[in-house]
Amino acid sequence: SVIFPEEAKLSTNSIKIDHKDIKKSNISLSIEADEDIYGIQFDIKYNPLQVILSEEAIVSKIPSVNIYNRIKEGGIARVLMFGLASEKILDITTDRIVDFIDIQFKPMDKFRGISVVELLYITLAGKAGTEIKLNSSSPQVFEVSFVVPHTTSLSKNYPNPFNPITFIDYEISESSI
């Protein structure tokens with residue numbers, strides 16, 4: 001899924017296995033733009049009967065940019081990202097694309113399957129808080145999966161091993177029980 005605004009593009013990562021998209025239990029978002037991005041706000045709508053989302057499971061991948069979020073009742077979370085000292089989420093002098101957030105879902109009880117997640121009311125902020133308009137106001141729909149993977153795999157670490165915190169995703173295809 002990709003969001004195509006006038007001046008920026010937001011996308012999610014997925015894994016390709018046997019020419020099929022196998023979605024993970026997380027959404028990792030990237031942003032691409034031709035101007036600096038200073039802030040972003042959006043709502044996450046999910047099915048609380050299928051998945052669990054906690055405030056600690058919404059993580060900024062940019063060390064100098066803070067993330068503020070609140071889980072509301074009924075499967076809605078509000079997310080706001082910005083730097084307190086005007087740090088940029090995306091600085092076009094160094095790059096035009098950046099991975100900026102990771103949203104980790106957990107299955108409710110023993111839920112196994114695919115759950116639909118929507119990003120709503122997405123707002124990007126440029127310099128001095130000017131809004132970067134999206135040319136589509138419709139929700140962006142993603143799928144998170146709690147299906148057993150076909151193969152065991154170990155992914156590349158991110159953001160990088162020199163940061164104070166680094167993550168390594170893995171998938172195990174067989175139960176140890």
query = Hey, are the side chains of Val51 and Phe146 touching, using non-hydrogen atoms and a 4.5 Å cut-off?
reply = yes

inquiry  = According to a hydrophobic-cluster definition based on side-chain heavy atoms being under 4.5 Å apart (Ile, Leu, Val, Met, Phe, Trp, Tyr only), do Ile92 and Ile37 belong together?
reply    = yes

ask   = Do the side chain of Ser145 and the main chain of Ser25 share a donor and acceptor less than 3.5 angstrom apart?
value = no

ask   = With Val79, which of Leu29, Ile40, Ile101, Asp43 fulfils side chain to side chain contact (heavy atoms under 4.5 Å, CB included)?
value = Ile101

inquiry  = side chain to side chain donor-acceptor pair (under 3.5 Å), that's the test. Do Ser115 and Glu143 meet it? Break it down for me.
reply    = CA-CA 6 Å; Ser115 187; Glu143 293 178 340; over 6 Å; no

query = Does Thr166 reach the main-chain N or O of Tyr158 with its side chain, forming a donor-acceptor pair under 3.5 Å?
reply = yes

query = Do the non-hydrogen side-chain atoms of Leu53 and Ile71 ever get within less than 4.5 Å of each other?
reply = yes

query = Which heavy atom of Val117 sits nearest a heavy atom of Ile44, and at what distance?
reply = CG1-CG2, 3.7 Å

ask   = Side chains of Ser28 and Lys61: donor-acceptor distance under 3.5 Å anywhere?
value = yes

task = Please check if the side chain of Asn47 supplies one atom and the backbone of Leu49 the other of a donor-acceptor pair under 3.5 Å.
result = yes

query = So, for Tyr68 and Phe82, is the gap between ring centers shorter than 6.0 Å?
reply = yes

query = Under the 3.5 angstrom rule, does the side chain of Glu118 hit a backbone N or O of Tyr46 as a donor-acceptor pair?
reply = no

query = Any side-chain heavy atom of Ile58 sitting closer than 4.5 Å to one from Ile67?
reply = yes

